[in-house]
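The next block holds one structure in the form of structure tokens; read it before the comments.
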2 protein chains.
Amino acid sequence: MVDYHPKDSEYLNKLQDYYADWKSIPSYAKLCEVFGITSKSWVKAILDRLCAAGFLERTPDSVWVPTRLFFARPLAESSVQAGMPMVVTATQGDFFIIDDMLIDTPSKTILIPIKGESMIDAGIHDGDVAVVEKRMTANIGDIVVAIVDNEFTLKTLDKESGHFILRPANPVFAVIRPQGTLEIFGILVGLIRKYRR
Amino acid sequence: MVDYHPKDSEYLNKLQDYYADWKSIPSYAKLCEVFGITSKSWVKAILDRLCAAGFLERTPDSVWVPTRLFFARPLAESSVQAGMPMVVTATQGDFFIIDDMLIDTPSKTILIPIKGESMIDAGIHDGDVAVVEKRMTANIGDIVVAIVDNEFTLKTLDKESGHFILRPANPVFAVIRPQGTLEIFGILVGLIRKYRR
DNA sequence: TTTTATACAGAACGAACGTTCTTAGAACTA
DNA sequence: TAGTTCTAAGAACGTTCGTTCTGTATAAAA
């Protein structure tokens with residue numbers, strides 16, 4: 001946290017939670033509720049500081065908008081040992097923007113929901129979401145999205161006696177040996193899983 | 001396009017362009033400029049129709065907000081045939097969709113890198129990043145982050161003859177049977193994996 | 001031709017807005 | 001003890017907001 005006032009990170013948290021719900025930054029009056037204060041002028045002072053700290057900015061129409069920094073998430077160091085881990089995470093550690101981490105080239109990246117268990121030994125489960133970068137070439141060993149019989153299929157690219165093959169990560173499924181050319185749609189660059197709560 | 005009035009898609013495009021620039025929907029007066037008209041009442045009529053068509057919605061504070069449909073893109077590009085499974089483009093105008101998918105309450109969510117293979121049968125690998133929601137209670141069957149010997153550990157919460165235990169998803173590792181109380185740090189709500197490229 | 005619907009323009013209105021200024025208690029300093 | 005920040009509260013103010021109602025030009029329909 002780069003801002004100076006001790007309670008500002010608390011205010012920022014509340015603002016982030018509100019934004020996660022409504023995807024907009026409300027009026028000063030509403031922000032009084034969100035922050036738990038009753039002074040519009042103090043709300044402005046808080047926003048001005050968060051702006052100076054780089055979490056917010058304003059459009060030419062003087063509308064408040066979050067910056068990239070606004071979406072950064074704390075990343076714990078797993079090797080925390082001394083003291084309370086919770087204290088450590090609250091004060092130090094890195095910050096990460098999840099989308100930046102997984103997506104290099106937005107225009108070439110798409111998300112594809114995964115169906116079936118054919119890659120389960122690679123830790124890719126039914127219901128996971130694949131982050132795929134579109135491109136037509138891949139290397140041996142890459143997990144690729146190929147188009148077989150008009151359907152996406154996610155398999156490991158391999159080569160067998162001069163021919164490309166698609167190898168599943170599940171002994172129950174058969175290796176795919178395409179006749180003719182193999183159409184690569186993209187390669188797997190990330191994986192997302194969401195647990196029900 | 002599901003809306004009825006012929007020029008609405010043109011208005012929608014202008015609105016999408018504005019949003020791409022400023023990441024906010026401006027006032028009716030400003031929208032007059034954006035749309036190239038001079039009537040606030042007509043702006044409202046347009047927004048109402050875009051709302052009915054599902055491109056916009058309003059927060060409880062009656063602030064206009066774009067919906068997912070607002071960001072949807074035609075997926076005609078690339079030589080993909082009909083019958084494609086549903087695909088989400090990752091570039092929602094540089095917006096943060098993955099973040100949005102995984103995180104409900106930013107202030108309670110923390111990312112923890114995973115070390116070791118103790119949960120490999122659950123498809124959780126060394127080097128993955130766990131998305132953890134901080135809370136002190138969990139249900140049987142939840143994958144939890146517990147604090148054991150001042151270290152984070154990720155295990156499935158279970159109960160054995162009246163006592164809580166932490167069950168790994170790897171036969172090589174032993175079940176953890178904490179003596180005394182078990183301190184829960186949070187529960188696993190998501191998983192992120194990044195493949196080297 | 002007359003009527004009717006469409007696609008906007010324009011004015012009016014009170015409510016809500018953001019900004020600024022003043023006030024005030026609490027905490028810290030000297 | 002007296003002074004001084006700091007953190008808010010609160011009022012005041014002119015501006016802008018969204019809404020509603022009415023007016024109007026064009027075009028299609030009758």
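Each chain gets a letter, A, B and so on, in the order its sequence line appears, and its residues count up from 1. We use all heavy atoms of the structure for the numbers below, so side chains are in, but hydrogens, waters and symmetry mates are not.
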request  = Tell me whether the OP1 or OP2 atom of D:dC17 has a side-chain N or O from B:Ser27 closer than 4.0 Å.
outcome  = yes

inquiry  = D:dT19, OP1 or OP2 - any side-chain N/O from B:Lys44 closer than 4.0 Å?
reply    = yes

inquiry  = In this structure, how many angstroms lie between the P atom of D:dA8 and the CG atom of A:Leu47, rounded?
reply    = 14 Å

message = Using whole Å, what does the distance between atom C1' of nucleotide D:dT16 and atom NZ of B:Lys40 come to?
response = 8 Å

So [Y] and [X], do their side chains get closer than 4.5 Å, heavy atoms only?
{"X": "B:Val34", "Y": "B:Val43", "answer": "no"}
{"X": "B:Asp104", "Y": "B:Val189", "answer": "no"}
{"X": "A:Phe95", "Y": "A:Arg73", "answer": "no"}

inquiry  = Check this for me: does the side-chain of A:Ser39 come within 3.5 Å of the base of D:dA8 through a donor and an acceptor?
reply    = no

query = Would you say the side chain of A:Ser41 and the base of D:dG10 hold a donor-acceptor pair, judged only by whether the two atoms sit under 3.5 Å apart?
reply = yes

Gap separating the CD1 atom of B:Ile103 from the NZ atom of B:Lys108, nearest 0.5 angstrom = 14.0 Å

note = Value for CG (A:Leu31) from NZ (A:Lys14), rounded to nearest 0.5 Å, stands at 11.5 Å

Sugar-phosphate, base or nothing in reach of A:Ala45, heavy atoms under 4.0 Å = nothing

request  = Kindly state which residues belonging to residues 57-67 of chain B come within less than 4.0 angstrom of DNA chain C, counting heavy atoms of the residue only, listed by number.
outcome  = none

inquiry  = At a heavy-atom distance below 4.0 Å, which nucleotide of DNA chain C is the first touched by chain A, and which is the last?
reply    = C:dC17 to C:dC21

request  = For A:Lys23 and B:Asp100, run salt bridge (Lys or Arg N to Asp or Glu O under 4.0 Å): C-alpha distance rounded to whole Å, both residues' side-chain angles, the deciding distance at 0.1 Å, then the answer.
outcome  = CA-CA 10 Å; A:Lys23 281 160 197 42; B:Asp100 195 53; 2.9 Å; yes

ask   = Should the pair A:Tyr11 and A:Phe35 be assigned to parallel (<30°), tilted (30 to 60°) or perpendicular (>60°) ring geometry?
value = tilted

note = With B:Lys194 as partner, the option from A:Leu191, A:Val131, A:Leu102 fulfilling side chain to side chain contact (heavy atoms under 4.5 Å, CB included) is A:Leu102

